[in-house]
Amino acid sequence: VQLQASGGGSVQTGGSLRLSCSAAGTFSRYIVGWFRQPPGKERMFVAATTRSGGNADYADSVKGRFTISGDNTENMVYLQMNSLRPEDTAVYYCAAGLNGLNNPSGASRASWGYSYWGQGTQVTVSS
């Protein structure tokens, strides 16, 4: 599985961006997650979804502002980010893993729970 993230950019506080993650290869059995890494900080979980997009999980910091969705026909997963804040500034990564969503081990919320990663896309939110 090869992943490609895109859609990052610079916006002002309150603005919106939509990130896209495209996949090449067999993708249907995986969950897809978005993580972000702010400058000087560790990579952290943002959101994850099943490939059908029917179930989703969000970090508390983005709940109600971000929406993750999937498009099986196009092999794409999106992250719609609204009401952006300066603290959302980070490099955003998409990843695919075989662990189930909301796995009791926490795998779907951890970097180690994902086997495939796309390159990052920069999101910058200015105040």
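We use all heavy atoms of the structure for the numbers below, so side chains are in, but hydrogens, waters and symmetry mates are not. Just so it is clear, the structure is predicted and the values come from calculations on it, not from any experiment.
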Here the gap from Thr50 atom OG1 to Asn55 atom CG, rounded to the nearest 0.5 Å, amounts to 4.5 Å
| message | Treating Arg109 as the side-chain partner and Val46 as the backbone partner, does any N or O pair qualify as donor plus acceptor under 3.5 Å? | response | no
When every non-hydrogen atom of Gln80 is compared with those of Ser16, the smallest separation belongs to NE2-CB, 4.0 Å
So the side-chain hydrogen bond (donor to acceptor under 3.5 Å, both in side chains) pairs with at least one residue in residues 110-122 (sequence neighbours excluded) are Gln122-Thr124
Do Leu84 and Met44 belong to the same hydrophobic cluster, where Ile, Leu, Val, Met, Phe, Trp and Tyr are linked whenever their side-chain heavy atoms lie under 4.5 Å apart, directly or via other members?
no
Exercise. Taking C-beta and beyond as the side chain, do Ile68 and Tyr78 meet within less than 4.5 Å on heavy atoms?
Worked result: no
Rounded to the nearest 0.5 Å, the CD atom of Gln12 sits from the OG atom of Ser127 at a distance of 9.0 Å
Taken to the nearest 0.5 Å, the spacing of Thr49 OG1 from Ile31 CD1 works out to 9.0 Å
Which atom pairs, donor and acceptor, lie under 3.5 Å between side-chain atoms of residues 32-43 and protein residues at least two apart or in another chain?
| residue | atom | partner | partner atom | Å |
| --- | --- | --- | --- | --- |
| Arg36 | NH1 | Asp88 | OD1 | 2.8 |
| Arg36 | NH1 | Tyr92 | OH | 2.9 |
| Gln37 | NE2 | Lys41 | O | 3.1 |

So does Ser83 get a backbone contact from the side chain of Arg65, meaning a donor-acceptor N/O pair under 3.5 Å?
yes
To the nearest 0.5 Å, atom OG of Ser6 lies from atom CE of Met76 at 6.0 Å
Under the 3.5 angstrom rule, does the side chain of Asp57 hit a backbone N or O of Ala48 as a donor-acceptor pair? no
Those residues at least two apart in sequence (or on a different chain) that pass side-chain contact (heavy atoms from CB on, under 4.5 Å) with Asn99 are Asn103, Ala107
Leu19 vs Val123 side-chain heavy atoms within contact, under 4.5 Å
yes
Value for CZ (Phe66) from CG (Leu17), rounded to nearest 0.5 Å, stands at 9.0 Å
query = Do Val125 and Thr13 pass the side-chain contact (heavy atoms from CB on, under 4.5 Å) test, and can you show the C-alpha distance, the side-chain angles, and the key distance before you say yes or no?
reply = CA-CA 6 Å; Val125 185; Thr13 297; 4.1 Å; yes
